[in-house]
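These notes are about the structure you will find just below.
From a predicted model like this one, the values you see are computed outputs, not experimental measurements.
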Amino acid sequence: MENTSTTLLTDRCLLDERATLDNRNTESLVAHELAHQWFGDLVVIKHWSHAWIKEGMATYTEVLWTEQEYGKDDAAYYRLNQARNYFSEDSSRYRRPIVTHIYREAIELYDRHLYEKGACVYHLIRTELGDELFQKAIQTFVQDNAHKTVETIDLLRALEKSTGSNLLPLFDQYVFRGGHPDYKVSYSWDNHNKLAKITIKQNQAKDSDKLSETNLFDLKIPIGFGYKPDKKSPETPGNFKTFTVQVNEKEQTFYFPLEEKPAFISFDVNNNILKTLTLDYAVAELKAQLQYDSDPISRIYAAKALAKKGGLEAVKALSNALKNDSFWGVRVEVAKQLVRVKLDQVFEGLVAGLTDSDARVRRAVINSLAKLKTTESYQVLKPLLEKGDPSYLVEASTATALGEIAATHCEDKHLVEQTVKLLKLVMKEREGWNEVVRSGAISGLSKLKTSEDALNLILKYTAPGIPQALRLTSIRALGSISTGQTPTNTERIVQRLEELSNEAFFLTQVAVVGSLEQMETPKAMDELQSLADQTLDGRVRRRAEEAIQTVQGKIGSEPALKKLREELDKIKKENQELRSRLETLEAKSKSSKQ
């Protein structure tokens with residue numbers, strides 16, 4: 001809590017040596033709350049609808065700290081993940097302007113639009129002004145409004161006063177209306193005329209809305225054309241040429257004269273614009289971008305597009321990046337994308353990443369191996385949990401992964417029993433910092449939806465007196481495991497969640513809502529409605545009401561959907577095996593012809 005002059009922090013911010021390996025959350029929180037001494041305490045908002053001024057800046061300060069302490073690549077990746085948090089809320093829950101007077105309770109505004117999108121808007125302002133003028137503008141705003149209350153218009157006035165720039169068009173697009181640009185970019189090369197053709201489409205219409213003049217974005221976007229390093233001096237970066245274009249229509253095509261065909265295309269150089277992006281380039285350009293683009297976010301976009309293309313060539317390029325990319329964040333994202341290519345050869349590429357020096361990369365690899373859902377993945381991961389890892393989070397991910405894989409082989413009772421036994425041992429022996437490892441084991445147990453032993457163990461850790469972090473994880477896990485349990489056990493789960501819903505603590509109520517939302521019984525809806533009626537917290541009430549709609553959508557259609565999913569998974573597996581063989585045969589054929 002950012003009290004004036006004295007910030008109060010939870011004891012969960014205290015780290016031991018192992019926790020510092022791959023956890024920067026404490027640093028980010030300290031930076032965030034420290035920023036509130038100016039944004040929120042010295043300068044106070046006049047109305048709740050303008051809370052983004054303080055929360056957006058405090059959240060952006062996390063980016064500024066990351067940049068100062070760890071460098072620009074880390075800051076860019078941190079900002080990308082902030083944007084993703086906002087994108088998730090925008091796509092799955094609701095879209096709203098950052099500044100709005102439409103709400104039932106003010107606390108509802110304290111969401112991902114307010115924090116993360118607000119932070120991205122501050123970065124847009126910095127991009128528009130440059131670092132020097134941005135700092136000057138922020139100082140002017142704080143000094144002119146110290147010990148006063150402010151609205152968004154006061155920030156606009158300070159920006160114009162200090163820099164002479166009118167940023168109202170930017171605010172109109174990102175602050176006073178909802179949404180963000182969703183671009184699809186395609187490229188082709190005209191060798192005869194030496195022209196690069198770039199076509200840009202805006203696709204940000206939501207639900208049944210049609211894209212119109214009112215929700216088109218009007219932005220200046222830098223487009224870069226890059227070349228591979230000289231073979232004689234590969235350590236020297238290749239040539240890079242940038243053009244800036246005005247993108248303001250539903251579909252636009254631009255032609256760029258170049259001396260030779262570029263190796264890759266970088267849309268929105270340095271990725272400063274808040275946007276979603278789909279790249280429609282050929283495999284060759286995507287491979288070159290993944291390997292040579294200096295911006296890590298551009299390499300991440302290339303990896304995503306490559307995975308979507310699929311094929312053995314994509315697997316090789318992604319596997320190479322997982323081994324060799326210089327930035328840990330790119331390696332994390334490559335591991336996530338590699339598993340999306342439905343070929344058996346992916347396994348070998350991922351396993352190589354288990355020895356990565358960065359714990360965050362190892363964790364991403366483990367999560368991807370879990371998604372393969374093969375016994376081979378299980379056999380690779382089991383020794384890792386038994387032996388342990390320097391990182392708490394890596395151990396936790398491994399525990400969860402083993403439960404996830406075992407759950408897909410539920411017909412193998414020995415494997416399920418073996419997994420429960422192993423995770424039970426983890427629960428007994430691996431207490432530690434913030435209960436991270438044991439929480440991972442609880443998540444793994446929750447995947448074993450038909451196991452009564454797993455359920456009984458989870459229920460044990462929802463009792464009062466259990467460390468808060470572990471208890472909240474266990475409460476959420478009840479909803480996950482419920483979908484495969486017997487009617488009697490499902491009733492036990494509902495009764496336990498009903499008891500827990502009577503606790504007044506905000507995080508407990510949120511965990512209960514998250515658990516009930518995963519269930520497939522009308523009784524879950526009854527409990528959610530009861531919680532919505534009795535809670536004093538507007539955030540809980542809104543989440544409970546949204547969860548009712550989710551459960552309602554599941555009931556009735558779920559048995560048929562489950563059967564269809566099972567049949568579809570079987571077909572997908574068979575197709576994957578066939579494609580893998582075909583890719584191998586084609587590769588051998590090409591090799592023999594050469």
Side-chain angles (χ1 to χ4, degrees), residues 1-10 12-13 23-70 74-89 96-100 103 106-127 129 131 134-156 158-159 167 170-171 174-175 272 274 506 539:
M1 181 63 191
E2 65 273 13
N3 310 290
T4 302
S5 80
T6 303
T7 294
L8 301 180
L9 298 171
T10 168
R12 294 186 68 185
C13 290
N23 188 305
R24 298 177 184 171
N25 292 342
T26 292
E27 294 178 24
S28 298
L29 183 60
V30 170
H32 181 109
E33 303 305 336
L34 180 60
H36 277 313
Q37 298 300 323
W38 292 269
F39 282 78
D41 292 346
L42 183 62
V43 177
V44 181
I45 55 169
K46 189 176 292 184
H47 189 275
W48 292 115
S49 60
H50 300 281
W52 81 277
I53 295 173
K54 66 185 183 76
E55 296 299 349
M57 187 61 197
T59 306
Y60 187 53
T61 301
E62 299 169 28
V63 177
L64 299 176
W65 163 254
T66 302
E67 183 175 336
Q68 176 175 300
E69 186 70 5
Y70 300 104
D74 279 76
Y77 188 53
Y78 194 98
R79 182 166 45 83
L80 173 66
N81 284 318
Q82 286 185 336
R84 285 170 168 173
N85 286 338
Y86 150 68
F87 294 147
S88 176
E89 183 173 84
R96 71 171 181 85
I98 294 180
V99 174
T100 178
Y103 56 86
I107 196 67
E108 289 183 6
L109 296 176
Y110 281 69
D111 60 6
R112 305 282 70 84
H113 285 67
L114 193 77
Y115 286 80
E116 283 89 343
K117 187 179 183 183
C120 292
V121 169
Y122 273 106
H123 186 74
L124 288 168
I125 296 169
R126 178 185 175 187
T127 301
L129 299 177
D131 285 0
F134 177 70
Q135 292 180 18
K136 181 181 178 182
I138 294 301
Q139 289 175 350
T140 299
F141 174 69
V142 172
Q143 290 168 359
D144 287 359
N145 296 286
H147 307 292
K148 298 177 183 177
T149 56
V150 296
E151 297 179 348
T152 300
I153 189 64
D154 297 303
L155 177 59
L156 272 166
L159 291 168
L167 296 187
L170 179 68
F171 278 53
Y174 278 103
V175 178
N272 290 312
L274 177 62
F506 164 67
R539 292 167 294 182

Task: Leu129 CG to Leu159 CG distance, which is reported to the nearest 0.5 Å - done: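 Going from CG on Leu129 over to CG on Leu159, the span is 6.5 Å.
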
TODO: Give, for atom OG1 of Thr149 and atom NE2 of His50, the distance between the pair rounded to the nearest 0.5 Å.
DONE: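 If I round to the nearest 0.5 Å, the distance is 10.5 Å.
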
Open item on the list: What verdict does the side-chain contact (heavy atoms from CB on, under 4.5 Å) test give for Gln37 and Thr7, after you've listed the backbone C-alpha separation in whole Å, the side-chain angles of each residue and the deciding distance to 0.1 Å?
Closed with: CA-CA 9 Å; Gln37 298 300 323; Thr7 294; 3.4 Å; yes

With distance as the sole criterion, is a donor-acceptor pair present between the side chains of [X] and [Y] under 3.5 Å?
X: Tyr78; Y: Ser28; answer: yes
X: His36; Y: Glu55; answer: yes
X: Tyr60; Y: Arg126; answer: yes

Quick check with a 6.0 Å cut-off and a 45 degree axis cone: is [X] positioned over the face of [Y]'s six-membered ring?
X: Arg112; Y: Tyr115; value: yes
X: Arg539; Y: Phe506; value: yes
X: Arg24; Y: Tyr70; value: yes

Open item on the list: Could you report the tightest heavy-atom contact between Thr61 and Ala35, atom names first, then the distance?
Closed with: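 Of all heavy-atom pairs spanning Thr61 and Ala35, the closest is OG1-CB, 3.3 Å.
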
Task: N/O donor-acceptor pair under 3.5 Å between Glu151 side chain and His47 backbone - done: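 No; zero donor-acceptor contacts below 3.5 Å.
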
TODO: Answer yes when Lys46 and Asp154 have at least one side-chain N-carboxylate O distance shorter than 4.0 Å, and no when they do not.
DONE: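 Between Asp154 and Lys46 there is no salt bridge, as every charged N stays at least 4.0 Å from the carboxylate O atoms.
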
TODO: Look at atom CD of Gln68 and say whether more than 12 heavy atoms of other residues, nucleotides or ligands are closer to it than 6.0 Å.
DONE: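 No, the 6.0 Å shell around CD holds no more than 12 heavy atoms from other groups.
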
Open item on the list: Once you measure the plane-to-plane angle for Trp52 and Tyr122, does it fall in the parallel (<30°), tilted (30-60°) or perpendicular (>60°) bin?
Closed with: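 Ring orientation, 0 to 90° scale: tilted.
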
TODO: Look at the aromatic rings of Tyr86 and His113 and report parallel, tilted or perpendicular, splitting at 30° and 60°.
DONE: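 The rings of Tyr86 and His113 stand perpendicular, inter-plane angle above 60°.
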
Task: Check against side-chain contact (heavy atoms from CB on, under 4.5 Å), Lys117 and Tyr174 - done: CA-CA 9 Å; Lys117 187 179 183 183; Tyr174 278 103; 4.3 Å; yes

Task: Between Phe39 and Phe141, ring centroids under 6.0 Å - done: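 Yes: the rings meet the under 6.0 Å criterion.
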
TODO: Apply the test side-chain contact (heavy atoms from CB on, under 4.5 Å) to residues Val43 and Lys54: give CA-CA distance (whole Å), side-chain angles for both, the deciding distance (0.1 Å), then the verdict.
DONE: CA-CA 8 Å; Val43 177; Lys54 66 185 183 76; over 6 Å; no

